[in-house]
Amino acid sequence: MDWFADSMITAFDYVWDRLTGRLTGLTDDEYFWEPVAGCWSLRQDAQGRWQLDGDGGGGPAPDPVPVTTIAWRLGHIGDLVLANFATRRFGDGKQAGARTDLPPHASTVRGFLDEQYQNWRSGLAGLSQPQWAEPLGPPWGPYAEANTVDLALHVLDEVVHHGAEVGVLRDLYAQRATLHG
């Protein structure tokens with residue numbers, strides 16, 4: 001691995017440790033807490049599978065996008081970001097969303113996230129220097145000319161962005177009794 005790959009993976013590991021460190025003590029009540037009406041969350045469908053509200057439906061997101069629960073944010077990071085992009089870039093090339101079992105309990109979320117992260121991380125670690133710069137190609141549609149550096153930066157942004165939101169929701173949950181006086 002070259003210095004660039006080392007730096008990129010070091011940044012991912014730092015961000016990952018910060019996110020997963022914030023999950024210590026997470027309960028089911030907090031995981032599914034809906035701080036406002038109309039939140040998107042993780043819910044069971046008619047077949048008993050746990051699905052993310054509104055994510056991956058193929059259409060445009062509503063404007064404004066609903067507030068999302070911790071369960072939604074962590075499911076999004078694990079499934080639609082890490083599992084999806086790892087499978088598409090380093091696996092069979094198909095979107096992972098419908099194949100991933102999302103964690104219905106706070107006690108199982110860390111294992112789920114770590115598994116998806118390790119798949120993503122090992123894919124990055126296995127790239128040669130030239131592979132980082134190769135175009136993603138036609139299966140990536142409008143992002144065909146983007147490369148793995150672009151994709152990795154997008155994934156890092158998603159983990160930082162939603163990880164920070166999880167931290168804020170945990171802080172708000174801890175102070176919920178004082179939110180309304």
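Going from atom CG of Leu42 over to atom OG1 of Thr69 covers 7.0 Å, rounded to the nearest 0.5 Å. Taking CG of Asp17 as the start and CZ of Phe12 as the end, the distance is 13.0 Å to the nearest 0.5 Å. Note that the OG1 atom of Thr148 and the CD atom of Gln131 stand 7.5 Å from one another [nearest 0.5 Å]. Summarising the geometry, atom OG belonging to Ser107 is positioned 12.0 Å from atom CG belonging to Leu23; distances are rounded to the nearest 0.5 Å. Rounded to the nearest 0.5 Å, atoms CG (Leu26) and OH (Tyr31) are 8.0 Å apart. A distance of 7.0 Å separates CG in Leu156 from CE in Met8, rounded to the nearest 0.5 Å.
Not a single donor-acceptor pair under 3.5 Å links the side chain of Asn119 to the backbone N or O of Gln116. Between the Trp120 side chain and the Phe85 main chain, no donor and acceptor come within less than 3.5 Å of each other.
Clustering ILVMFWY residues whenever any of their side-chain heavy atoms sit less than 4.5 angstrom apart, transitively, puts Leu74 in the very cluster that holds Phe32. Follow the hydrophobic side-chain contacts under 4.5 Å out from Val67 and you never reach Val65; the two are in separate clusters. By the rule that hydrophobic residues join a cluster once side-chain heavy atoms approach within less than 4.5 Å of another member, Leu52 and Val36 end up as members of separate clusters.
For the residue pair Val149 and Asn147, the shortest heavy atom distance occurs at N-OD1, 2.9 Å. Across all their heavy atoms, Ala71 and Ser41 have their closest contact at CB-OG, 4.3 Å.
Under the 4.5 Å side-chain criterion, counting only non-hydrogen atoms from C-beta, Phe112 is not in contact with Asp101. Looking at Asp79 and Trp50, their side chains never come closer than 4.5 Å, going by heavy atoms from C-beta outward. Side-chain contact between Tyr173 and Ile70 is absent, with no heavy atoms from C-beta onward closer than 4.5 Å. Residues Pro35 and Leu172 are not in side-chain contact: their nearest non-hydrogen atoms beyond the backbone lie 4.5 Å or more apart. The side-chain heavy atoms of Thr20 and Tyr117, taken from C-beta on, include no pair separated by under 4.5 Å. Residues Pro66 and Trp72 have side chains not in contact (no heavy-atom distance under 4.5 Å, counting atoms from C-beta outward).
Classification of Glu34 and Arg43 as a salt-bridged pair holds, one side-chain N sitting under 4.0 Å from a carboxylate O. Salt bridge absent: Arg121 and Asp114 never bring a charged side-chain N and a carboxylate O closer than 4.0 Å.
Taking a 6.0 Å sphere around CZ of Phe4, one finds it holds more than 12 heavy atoms contributed by other residues, nucleotides or ligands.
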Tell me which donor-acceptor pairs under 3.5 Å the side chains of residues 158-165 have, and how far apart each pair is, sequence neighbours excluded?
residue	atom	partner	partner atom	Å
Glu158	OE1	His76	NE2	2.8
Glu158	OE1	His162	NE2	3.4
His161	NE2	Glu165	OE2	3.2
His162	ND1	Glu165	OE1	2.7
Glu165	OE1	Arg73	NH1	2.5
Glu165	OE2	Arg73	NH1	3.2

Open item on the list: Run the side chain to side chain contact (heavy atoms under 4.5 Å, CB included) test on Ile77 and Leu19 for me, step by step, so that the C-alpha distance in whole Å, both residues' side-chain angles and the decisive distance to 0.1 Å come before the verdict.
Closed with: CA-CA 11 Å; Ile77 290 169; Leu19 167 63; 4.1 Å; yes

